[in-house]
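Pasting a structure below so you can have a look.
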Amino acid sequence: MRWTLKPKPSSEKVKTLSAELKVDQLIATLLVQRGIETYEAARQFFRPSLEDLHDPYLMKDMLKAVNRIETAIAEGENILVFGDYDVDGTTAVSLMSSYLKSFYPNVATYIPDRYDEGYGISYKGIDYADDNGCSLIIALDCGIKSIDHVAYAKKKNIDFIICDHHRPGEFLPEAVAVLDPKREDCSYPYDELCGCGVGFKLIQALAQNRNQTIEDLLPYLDLVATAIAADIVPITGENRTLAKFGLEVINSNPRPGIKALVQNVKKKVLTITDVVFIIAPRINAAGRIKHGNEAVALLTEYDLDQAEIFASEIEQHNSDRKDLDKQITIEALDQIEINQETDKFTTVVYNKNWHKGVIGIVASRLTETYYRPTIVFTKSGDKLAASARSVKDFDIYNALEACAQHLEQFGGHMYAAGMTLKEENYAAFKEAFERTVEETIHPDLLTPEISVDAEINLTDINDKLIRILNQFEPFGPQNMTPVFMSKGLKDSGYAKGIGADEDHLKLFVKQNGSQGFGAIGFGLGKKLNLVKNQNPFEAVYCIDENEFNGNVTIQLRLKDLR
């Protein structure tokens with residue numbers, strides 16, 4: 001594990017901000033590191049407001065999209081809302097369809113079958129639109145590269161509006177409107193929206209057109225926050241505002257489908273982390289194990305009793321998904337050992353029987369064991385399909401682009417991607433991918449890194465610091481939970497391994513006779529000897545509040561120690 005202390009920001013900027021905000025320099029340092037350098041930027045950070053959301057009409061093609069939808073409504077056309085089978089896609093379809101249906105009945109939804117149709121816009125979906133007399137398809141979280149599909153629809157007199165957030169290729173599809181803040185020619189001020197976020201901008205534009213206010217759209221923000229959390233987009237700017245207000249909806253008045261998913265959770269207030277680990281995997285499980293339609297049915301159901309029935313079915317899918325991903329991970333790790341591939345720059349594994357719905361999760365699991373770019377293949381029809389996961393700071397999309405001659409198709413972004421290839425090209429691709437990564441990856445990137453915000457003393461930790469740190473939430477990419485480092489720590493003779501296999505470490509730490517803090521290190525049980533007998537050590541940690549029997553105490557959540 002590498003510990004990297006973030007560079008100290010300009011002391012002038014820190015001093016100025018510290019004085020303007022009347023906070024100590026540690027808080028000002030954390031803010032400047034996050035790109036927050038002025039009083040106004042800090043106000044938006046600590047007090048996000050729905051008024052801060054950008055005008056949706058700043059997005060290229062937004063007016064065209066709104067006009068086409070209004071024409072469809074005026075002329076009684078059938079509209080098909082199409083989206084991918086993952087969390088971002090199913091929440092986006094639920095958002096768009098439930099908003100349109102609130103004032104217009106002729107709206108249907110379509111989620112492609114993961115196994116039969118694969119990722120993105122499908123010919124089968126377009127044929128479904130044609131068979132059902134739909135003359136407009138609104139595609140969400142997909143479509144930016146679907147040039148042939150959109151041309152095929154055009155021949156059938158079906159128009160497309162595309163709402164995507166993936167990187168466009170050299171040419172755009174000939175749709176009526178292509179909403180994607182990552183378009184080169186789009187000057188929208190924020191380009192890190194997820195697919196559901198782009199969908200939200202479209203309903204925001206429609207709402208303005210219909211004299212509705214942003215308050216009228218609040219009930220949809222539970223879906224947007226869920227997509228932002230699940231899609232691991234930066235929690236900055238507009239995403240942070242949408243996530244914050246969406247979390248408030250999840251905690252106060254969620255839609256019946258989300259309420260049904262979380263009602264067995266013991267926590268009173270759910271954080272963005274809970275959305276990532278509790279809500280998102282369950283929504284995802286529908287598309288992984290059965291069909292993404294089940295997720296849309298759950299998220300658009302207004303009757304709580306019916307939502308509870310849907311939720312219990314999805315709970316079962318999630319349980320099946322966990323069993324599958326455990327089993328396949330074991331088989332994949334065995335394959336790496338048997339093939340003597342433990343020392344390579346990449347992990348590329350394949351088994352024709354692996355369940356396509358969980359190979360992305362398995363790829364993530366394998367990077368936990370062998371920290372390197374990872375691709376897991378399975379058989380899908382007459383081709384092989386795969387999910388790829390990267391390591392911090394390595395762009396796996398670029399690496400795939402360099403091996404594109406071996407692939408049928410691929411798509412994704414820096415840290416995650418999907419692809420298909422012909423079975424006879426598997427060996428050549430595997431070799432090319434290994435060679436590409438070996439030539440382009442910096443050796444340091446093959447060791448997990450803990451990025452440390454600041455070195456502090458335990459005397460710096462107090463209730464006021466915690467109160468302000470809590471206002472940094474919601475946390476996520478580019479606004480991660482602050483990580484601190486302290487040196488010269490000693491345990492007060494309390495250190496012990498806990499958990500079934502004593503995998504975890506529990507301590508009570510002090511520094512030069514300072515006030516002591518309880519500390520817990522998940523997965524650090526094997527470092528017990530380092531801290532025994534009051535041996536001095538240094539640690540990297542986050543600061544948590546631990547609630548037990550109604551008492552709240554400050555606790556250090558250790559990430560590593562040495």
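Please read these numbers as outputs of a predicted model, since none were measured by experiment.
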Practice prompt. Please name the residue in the list V150, V198, L179 that meets the side chain to side chain contact (heavy atoms under 4.5 Å, CB included) test with I162.
Written response: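 Among the candidates, only V150 passes.
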Worksheet entry | Aromatic Y397 / basic R167 pairing, under 6.0 angstrom, 45° off normal | yes
Item to complete: Would you name the heavy atoms of G120 and P112 that are closest together and state the gap between them?
Response: O-CG, 3.8 Å
Fill in: Minimum heavy-atom distance F160-H149, with the two atoms named
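Closest approach of F160 to H149: CE1-O, 4.5 Å.
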Item to complete: Hey, could you give me the CG/CG distance between L95 and L223, rounded to the nearest 0.5 Å?
Response: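 It comes to 6.0 Å.
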Worksheet item: Should the heavy atoms of other residues, nucleotides or ligands under 6.0 Å from OH of Y123 be counted, would the total exceed 12?
Response: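 Yes, because the 6.0 Å sphere around OH of Y123 holds more than 12 heavy atoms from other groups.
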Practice prompt. Answer with yes or no whether the side chains of N470 and E545 bring together a donor and an acceptor at under 3.5 Å.
Written response: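 The answer is yes; a qualifying pair exists.
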Discussion item. With side chain to side chain contact (heavy atoms under 4.5 Å, CB included) as the criterion, how do D274 and V265 come out once you've worked through the C-alpha distance, each side chain's angles and the decisive distance to 0.1 Å?
Written reply: CA-CA 10 Å; D274 298 319; V265 177; over 6 Å; no
Worksheet entry | Any side-chain donor near an acceptor of the partner, Q327 and E331, under 3.5 Å | yes
Fill in: Side-chain donor or acceptor of E449 paired with backbone N/O of S451 under 3.5 Å
no
Discussion item. Whether the side chain of K356 engages the backbone of K379 through a donor-acceptor N/O pair (distance < 3.5 Å, no angle test) should be reported.
Written reply: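 Pair absent, no side-chain N/O of K356 close to backbone of K379.
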Worksheet item: Is the cationic atom of K145 (NZ for Lys, CZ for Arg) positioned less than 6.0 Å from the six-membered ring centroid of F410 and within 45 degrees of its normal?
Response: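 Checked: cation-pi criterion met.
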Worksheet item: H355 and side chain to side chain contact (heavy atoms under 4.5 Å, CB included): which partner among I289, D320, T378?
Response: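 Answer to the side chain to side chain contact (heavy atoms under 4.5 Å, CB included) test with H355 among I289, D320, T378: I289.
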Item to complete: If the plane angle is over 60° it's perpendicular, under 30° parallel, otherwise tilted; pick one for H406 and F429.
Response: perpendicular
Worksheet item: What are the two closest non-hydrogen atoms of A243 and P474, and how far apart are they?
Response: CB-CG, 4.1 Å
Worksheet entry | Backbone of I235 reached by a side-chain donor or acceptor of N239 within 3.5 Å |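 Judged by distance alone, no pair lies under 3.5 Å.
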Discussion item. Is there a side chain to side chain contact (heavy atoms under 4.5 Å, CB included) between Y371 and K392? Walk through the geometry before answering.
Written reply: CA-CA 10 Å; Y371 192 75; K392 188 172 185 278; 3.6 Å; yes
Worksheet item: Do Y350 and I375 come within less than 4.5 Å of each other through their side chains, counting heavy atoms only?
Response: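 Y350 does not reach I375 side chain to side chain.
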Practice prompt. Return yes when atom NZ of K6 has more than 12 non-hydrogen atoms of other residues, nucleotides or ligands closer than 6.0 Å, and no otherwise.
Written response: yes
Discussion item. Looking at E238 and L193, would you say the former's side chain and the latter's main chain have a donor-acceptor pair under 3.5 Å?
Written reply: no
Worksheet item: After noting the C-alpha distance and the side-chain angles of T347 and R372, does the key distance pass the side-chain hydrogen bond (donor to acceptor under 3.5 Å, both in side chains) rule?
Response: CA-CA 7 Å; T347 297; R372 58 201 190 189; 2.7 Å; yes
Worksheet item: Stepwise, does the salt bridge (charged side-chain N to carboxylate O under 4.0 Å, His left out) test hold for R34 with D453?
Response: CA-CA 10 Å; R34 284 161 164 70; D453 291 82; 3.4 Å; yes
Item to complete: Over all heavy atoms of both residues, which pair between G523 and H504 is shortest? Give the atoms and the distance, please.
Response: N-ND1, 2.9 Å
Practice prompt. May I ask you to decide if R321's main-chain N or O and R288's side chain share a donor-acceptor pair within less than 3.5 Å?
Written response: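 Looks like no, no N/O pair under 3.5 Å.
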Practice prompt. Carefully, step by step, assess I359 and F377 under the rule side chain to side chain contact (heavy atoms under 4.5 Å, CB included).
Written response: CA-CA 7 Å; I359 54 176; F377 279 93; over 6 Å; no
Worksheet item: Do D560 and Y541 have a side chain donor and acceptor closer than 3.5 Å?
Response: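 The criterion, which ignores hydrogens and geometry beyond distance, is not satisfied for Y541 and D560.
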Worksheet item: Just checking, is any N or O donor in the side chain of Y152 or D127 under 3.5 Å from an acceptor N or O on the other one?
Response: yes
Worksheet item: Going by an N to O cut-off under 4.0 Å, is there a salt bridge joining K430 and E434?
Response: no
Worksheet item: Hey, is the main chain of Q555 close enough, under 3.5 Å, to the side chain of N546 for a donor-acceptor pair?
Response: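 Between the backbone of Q555 and the side chain of N546 there is no qualifying donor-acceptor contact (under 3.5 Å).
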Worksheet item: Should the heavy atoms of other residues, nucleotides or ligands under 6.0 Å from CD of E431 be counted, would the total exceed 12?
Response: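 Not buried by this count: 12 neighbours or fewer within 6.0 Å.
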Item to complete: Using the side-chain hydrogen bond (donor to acceptor under 3.5 Å, both in side chains) rule, take D88 and H165 through it: C-alpha gap first, then chi angles, then the decisive distance, then the call.
Response: CA-CA 11 Å; D88 196 11; H165 69 121; 3.3 Å; yes
Practice prompt. State whether the side chain of N351 and the backbone N or O of N353 hold a donor-acceptor pair below 3.5 Å, judged by distance alone.
Written response: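 Yes; at least one donor-acceptor contact below 3.5 Å.
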Discussion item. Between R255 (side chain only) and L299 (backbone N and O only), is there a donor and an acceptor less than 3.5 Å apart?
Written reply: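 A pair under 3.5 Å: yes.
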Item to complete: Please indicate whether E424 has more than 12 foreign heavy atoms, meaning atoms of other residues, nucleotides or ligands, lying under 6.0 Å from its CD.
Response: yes
Worksheet item: In Å, rounded to the nearest 0.5 Å, how long is the span from CE of M419 to CZ of F433?
Response: 7.0 Å
Worksheet item: Should K259 and I250 be marked as a side chain to side chain contact (heavy atoms under 4.5 Å, CB included) after you check the CA-CA gap, both sets of side-chain angles, and the distance that decides it?
Response: CA-CA 8 Å; K259 190 174 188 175; I250 288 170; over 6 Å; no
Worksheet item: Quick one: are the ring centres of Y220 and F200 less than 6.0 Å apart?
Response: no
